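Residue numbers begin at 1 in each chain, while the letters A, B, ... track the order of the sequences. Predicted model only: the values in this text are computed from it and were never measured.
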Amino acid sequence: MIKRALVLLFLFALGTLFVELLLNYTPDTELNQTGRYYAEHSAQDIGTANITTAIIVTYRGLDTLGEVTVLFLTAAIVGVLLGRGNHKGKSLQRKLPPSGELLTTGSYLLVPLILLLGAYVFINGHLTPGGGFQGGAIIASAILLMLLTDPLRHFSHSLIAAVESISGLFFIGIGVLGIFYAGGFLDNRLLPLGELGALFSAGVIPIIYSFIGLKVGAEFSSMLVNLSETEDT
Amino acid sequence: MITIAMVTGFILILMGLYGALTNPNILRMIVSFTIANTGVNIVLVAVGYIQGRTAPILDEAVPVAEAAARIIDPTPQALVLTAIVIGLGVTTLMLTYAYKLYEMKGTLNIAKFSELKW
Amino acid sequence: MVESLIAVAAALTGIAFLFALLRFIKGPSTFDRVIAFDVLTVISITFIVLSALIEERGIYLDVALVYALLSFLGVIAIARYLEGRF
Amino acid sequence: MIEIMPALTLLFAAAMIGAAFVAIRVKQISIAILAAGLVSLLASVMFLFFAAPDVAMTEAAIGSGLTTFLFFFVLGRVRGDKHD
Amino acid sequence: MTAIGLINRDIVSYSNQCIAIKQYGELLLDTKTRPKNGVRKRAVLFVTLLLFWVMLNGTLAVDSFIVGIVVSLAITILFCSGLSFFTEFRATPQAFIAGILYYIYFFKELIKANFRLAVIVLSPLMPIKPGIVKVRTRLKSRMGRLMLANSITLTPGTLTMEIDGEWLYVHCVTVESTDIDEATAQIVAGFESYLEVMYG
Amino acid sequence: MESLLDITGGVLLVAGAVFLLLGGLGLWRMPDLFNRIQAGAKTTTLGTILILAGAAFLHPEWGFKLLLIGIFLLFTNPLSSQVLARAAHRRNIETSPQTSVDMLADAFSQKATSENDLSEKAGSDKDAEEKS
């Protein structure tokens with residue numbers, strides 16, 4: 001009971017803090033300095049219609065690199081913890097009947113569409129909402145639908161690892177090329193900026209975002225596949 | 001509108017923390033944690049919102065010349081986007097640990113893990 | 001005129017949303033809650049379309065696309081779990 | 001006449017708090033997970049109301065399918081746990 | 001640092017990858033257990049995906065079209081057993097006419113059934129008599145059966161629960177007859193006559 | 001002054017919202033799970049499609065995306081309902097007393113001998129959770 005009282009006390013303190021914050025908060029009516037800079041300059045400097053994309057890929061490109069690294073580490077830790085390869089042959093022996101005909105046919109119909117939507121989301125990341133992370137999550141959702149339809153489906157681990165590492169390599173390679181041929185690491189002006197609103201615009205941002213999308217999709221997929229190949233304890 | 005969202009976010013944070021701190025079951029602690037995570041994201045997005053403005057995407061509705069006067073702050077959005085993706089990674093990691101803990105002890109009750117007592 | 005019609009539509013949809021939410025909170029069995037979840041996600045797509053109409057931004061529809069294609073995955077996941085087929 | 005967007009925001013705020021309450025209080029873990037998924041789906045619509053379509057799309061793609069599946073997966077694996 | 005790690009991993013995984021591509025002739029899927037699509041089905045899938053791509057982009061500009069071809073080709077190769085709306089569609093004029101008529105009939109039924117259900121929901125006594133009946137279908141193709149089940153499900157008042165061979169198990173809000181042939185005539189026959197021409 | 005197109009779009013929006021309301025009401029009032037699926041999930045599909053059509057009337061340039069959303073809904077929504085109904089039937093959810101026939105249960109009881117071990121394993125552990 002004393003633990004619960006402590007918890008309530010802590011939450012009460014936190015709540016008071018929040019109320020204090022809320023009472024003293026005055027909403028902005030104008031953009032602050034950074035926001036104004038991004039709003040005014042990203043169209044000419046970066047050439048993206050979606051300013052969030054400009055921030056993620058170029059202005060704060062190193063943060064994104066760090067984020068991708070964190071995801072990579074997470075996927076690796078999940079893989080190590082679950083120890084795939086130890087019971088590769090055994091996992092296929094689980095006795096599960098297949099799902100009903102409707103779900104099977106429906107998933108065959110929907111999976112290509114989900115993959116197409118994922119590709120659309122990350123290729124158009126500089127024009128419409130979305131980008132590499134969303135597209136990667138959508139692609140992983142397609143893998144998830146396959147797993148839900150048939151939990152025993154076997155996926156090629158080495159293919160997922162290959163997609164992940166190759167796209168990561170190209171992401172960094174493009175960033176390094178930017179040091180030599182453009183303004184700096186992950187500078188997008190390797191290619192001409194093009195016209196605002198066209199698909200081939202904003203320099204290398206669509207290419208970078210495609211690689212990020214493939215990488216994130218492969219990372220999430222490897223987490224899903226690793227988890228699904230664990231044994232029923 | 002900003003106030004509504006901030007109040008919601010704070011309430012979600014408090015509820016999530018309450019659940020995470022009082023539940024004995026590890027899986028439920030993780031569920032509560034995701035709720036608190038969502039609350040934090042809502043607060044951050046609400047901070048970046050400016051009344052009467054629109055999304056930071058330039059198209060026919062928002063030409064480049066008017067951008068600075070019509071869009072909201074894009075920086076918190078970029079941060080929250082990162083936070084959500086990392087949140088999924090963290091959740092997966094926690095769930096993997098929970099699975100390994102269960103494999104080790106055959107239970108998910110936090111009181112049974114006496115090595116973790118402080 | 002059109003604005004007021006949109007407002008009426010939003011109000012009616014909001015009432016439907018409340019009904020589904022009540023079913024979610026009350027729902028005697030797990031399955032009742034799952035079906036309420038399904039209905040809530042479908043109604044949320046409506047809200048996204050309505051907000052796109054109010055703000056007059058066509059790009060919001062991309063979110064509705066993702067929502068329409070992915071929100072059923074949660075329902076299928078829980079249905080498969082309850083079937084005992086993982 | 002009330003403004004539409006604040007009213008909708010209020011509706012979604014109430015729904016999220018209700019769903020979070022269900023998630024904290026309900027006995028079955030499966031419903032708690034479902035309610036957490038609902039919180040994140042509703043949060044996605046709320047992000048859209050706050051003019052953040054990128055964030056909304058991320059939350060919709062991640063919160064609905066992937067998180068829910070991962071939770072149910074682990075829950076299915078630890079099914080024999082009687083010390084609930 | 002990340003770069004070096006990635007390069008290391010890449011070198012390690014490259015040899016694995018060569019083996020993987022050899023081992024799994026189809027890249028993503030293990031196709032030993034499930035039917036592979038023939039060239040015609042893959043072409044149909046490719047065209048459908050391209051159509052969806054153009055609709056998603058809302059433009060026929062050359063650049064987006066080229067990217068669409070690449071993406072659709074990649075998905076067609078990777079996900080080789082995918083279906084599309086026009087897989088197994090008989091490309092005859094009758095089939096196209098039947099398709100149009102099918103959608104008209106479907107929306108008519110949808111609206112009619114919705115009004116019927118609205119009356120039930122609004123009436124205070126709830127005059128319902130639910131039950132699960134068994135009906136028969138003659139359709140053989142996968143897409144045709146999926147479309148039939150989806151049409152039955154989308155019409156309020158009937159809900160397909162299971163397909164087992166030629167039998168469909170349908171939940172009805174108001175059961176009108178439990179006889180198999182009569183129920184088939186009421187629930188299935190309308191959609192089936194069009195779908196049979198379309199998909200066979 | 002609004003054009004006829006705008007008025008039609010607005011009226012379609014309201015009609016869709018009415019169907020959504022009926023769906024919500026049905027979800028609240030129907031006596032058992034399968035009927036709730038019928039009333040809830042189906043009526044809302046028509047409502048959403050009508051609202052999409054109304055939006056297409058108001059903004060014709062969004063037509064393709066709205067059409068795609070409609071197509072996706074038409075294929076995902078029945079799928080989830082079917083899977084859910086099937087799972088519920090497998091778990092023997094109690095039906096309302098008005099239910100007259102259940103031919104699927106009859107069919108299953110004949111087939112049950114072959115599948116018995118699996119359903120036992122899945123059912124026994126979770127029933128405790130369900131009823132609590």
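Of all the listed residues (C/Val66, C/Val34, C/Val75), the one sharing the greatest number of non-hydrogen pairs under 4.5 Å with chain D is C/Val66. Looking only at heavy-atom pairs under 4.5 Å with chain D, the residue among C/Leu69, C/Leu21, C/Leu65 that has the most is C/Leu21. Options D/Leu42, D/Leu38, D/Val22, D/Asp54 differ in how many heavy-atom pairs under 4.5 Å they form with chain C, and the most are formed by D/Leu38. Per-residue heavy-atom pair counts under 4.5 Å with chain C were compared for D/Gly65, D/Pro53, D/Ala19, and the maximum is reached by D/Pro53. Among D/Thr68, D/Val45, D/Ile33, the residue making the largest number of heavy-atom pairs under 4.5 Å with chain C is D/Val45.
A distance below 6.0 Å separates the ring centres of C/Phe17 and C/Phe47. Aromatic rings of D/Phe12 and D/Phe49 (six-membered ring for Trp) have centroids within the 6.0 Å cut-off, being under it.
For C/Ile54, the part sitting under 4.5 Å from any heavy atom of chain D is the side chain, from C-beta outward, and nothing else. Heavy atoms closer than 4.5 Å to chain D are found in the side chain of C/Leu40, but not in its backbone. Proximity to chain C (any heavy atom under 4.5 Å) is shown, for D/Leu48, by both the backbone and the side chain.
Judged by distance alone, the side chain of D/Thr67 and the main-chain N or O of D/Ile62 form a donor-acceptor pair under 3.5 Å. Judged by distance alone, with hydrogens and angles left aside, the side-chain atoms of C/Arg33 form no donor-acceptor pair with the main-chain N or O of D/Ile31 at under 3.5 Å.
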Using side chain to side chain contact (heavy atoms under 4.5 Å, CB included), reason through C/Asp38 and C/Phe72 one step at a time and then give a plain yes or no.
CA-CA 7 Å; C/Asp38 199 11; C/Phe72 84 115; 5.5 Å; no

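When each of C/Asp62, C/Ile45, C/Val42 is tested with C/Tyr67 by the rule side chain to side chain contact (heavy atoms under 4.5 Å, CB included), just one qualifies, namely C/Ile45.
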